[in-house]
There are 2 protein chains.
Amino acid sequence: MAADRPRTRIQEKNRRAILSAALKVFSAQGFRGATLDEIASVAGLSKPNLLYYFPSKEVIHVTLLEGLMDTWLDPLRALSADGDPKAEILSYVQRKLEMSRDLPRESRLFANEILQGAPHIGPLLSGDLKSLVDEKAALIEGWSQDGRIGPVHPHHLIFSIWALTQHYADFESQIKMVLGPAEPDPYPEAERYLTRLYERMLDPE
Amino acid sequence: MAADRPRTRIQEKNRRAILSAALKVFSAQGFRGATLDEIASVAGLSKPNLLYYFPSKEVIHVTLLEGLMDTWLDPLRALSADGDPKAEILSYVQRKLEMSRDLPRESRLFANEILQGAPHIGPLLSGDLKSLVDEKAALIEGWSQDGRIGPVHPHHLIFSIWALTQHYADFESQIKMVLGPAEPDPYPEAERYLTRLYERMLDPE
DNA sequence: AAAAAGTTTGACCAAACGGTCAGGATGACG
DNA sequence: CGTCATCCTGACCGTTTGGTCAAACTTTTT
């Protein structure tokens, strides 16, 4: 399951261009809404040339999802038993919010995939992701029972962090339309809001 | 822009069947992923017959979205200046969570639409929705300034309620996979978690 | 019962789709 | 320079898609 990395410079450049173009198109149109023609056009290649590098539309999609999964879960992996519990969780919230701000396309790519029932990465979710979440949930549960943070259901705490941070990327268009053109960048206020929310929520009273 | 409601019983029955089938298919596959054949099949009609009742796929989609918008915003409309501020907001959270539980397809329909940049209901969002949100945000802002709830950015408070409640419908597949088969219904725990979260968040200190 | 209005369908169409293929262009290298 | 592997493309294919249409069937009205 390895050693299939690009060999030549051209391959590396074109694979990169294709995946970058595919990220744009898949995140904007969803899997079925995206077309190979559009991906090829955005990547600056012809469709047959695109299919010289990837055997099918589905393989491009799965390659993207799997390749981004690591990046996506890094902030949660960084949640450490060593630091101060509240600071660790607040830092996780902040990192996730930064990812929504800096990688909104990636967020929407995953959102699209999950919305459709995760047909392409189901096993990854109930495998690697579940393990990671369970591990970190146990850590949080420990903090909670030691009284270092308030009593809280650890899984739902994690869900809430995902929901609140990714919302700003996934529902960006709605947020922009509701806030109106006067407030073009919701992220600074979002950070203040979320920080306050979790500080109060996690306070051990 | 009115009086185009069904005239005969057959029309009423078939329009209902089509919209119900379309909700299922659109919410599961997205707009572009859905096909008229599948909608017709689910509705128990032939494709040309379906197109006898609706002129195009897009009209079905927009009809659905606009028809459900009212239902979707009812809980927010119910947020009243008369009641106790914290109780009003907590009741809003609870209603929205119930809607995610009872109408997950509707939630995913809207999520799909917003994810794609709200191409079909953009005007509604920056019109009716924005007005409603601004009005209720002003109400919340008033409560906050009167010290009846803690200081909080009202728009982001509303966004957070949307994010946290709709997450359970929109990302249902992920939640199920992460929680595993042992915990089949996350909603009771979600309600406890969200109630606690907003009680702490809104406490006027 | 006949006409009128409303409903349903099979056959069809043009466009768009994912994907193939033979052959030509371009690069790497001795 | 020659040669071999890599890279690229125009033309093409079968299928699916949203949508049309004339004709047939059913219901309602008179």
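Protein chains get the first letters and strands the later ones, always in sequence-line order, with residue 1 at the start of each.
- A cation-pi contact links B:Lys57 to B:Phe31, judged by a cut-off of 6.0 Å to the six-membered ring centre and 45° from its axis.
- Boundaries of the chain B contact region on DNA chain D are D:dT17 to D:dC21, first to last in 5' to 3' order (nucleotide atom under 4.0 Å from a heavy atom).
- Neither side chain, A:Asn112 nor A:Gln29, offers a donor N or O lying under 3.5 Å from an acceptor on the other.
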Practice problem: Go through the steps to decide whether B:Glu98 and B:Arg101 satisfy the test salt bridge (Lys or Arg N to Asp or Glu O under 4.0 Å), and finish with yes or no. | Solution: CA-CA 5 Å; B:Glu98 279 162 18; B:Arg101 187 192 56 200; 5.1 Å; no
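- Remark: A:Asp74 does not engage A:Arg95 in a salt bridge, criterion side-chain N to carboxylate O under 4.0 Å.
- The closest side-chain heavy-atom distance from A:Glu172 to A:Lys176 is below 4.5 Å.
- Counting all heavy atoms, side chain and backbone alike, A:Ile121 lies closest to A:Glu113 at N-OE2, 3.1 Å.
- A salt bridge links B:Arg192 with B:Glu189; the closest basic N to acidic carboxylate O contact falls under 4.0 Å.
- B:Arg148 places no side-chain N or O within donor-acceptor distance of the main-chain N or O of B:Asp84, the cut-off being under 3.5 Å.
- Two residues are said to be in side-chain contact when any heavy atoms from C-beta on lie closer than 4.5 Å; B:Ser107 and B:Tyr168 fail this criterion.
- Aromatic rings from B:His153 and A:Tyr193 are positioned such that their centres are separated by 6.0 Å or more.
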Exercise. Encode nucleotides 4-18 of chain C as B, S and - characters from 5' to 3', where the letter depends on protein heavy atoms closer than 4.0 Å: B to the base, S only to sugar-phosphate, - to neither.
Key: --SBBBBB-----SB
Exercise. Under 3.5 Å for both distances, Watson-Crick or G-U wobble, that's the pair rule; now give the dot-bracket for DNA chain D, with | marking pairs to another strand and [ ] for crossing ones.
Key: ||||||||||||||||||||||||||||||
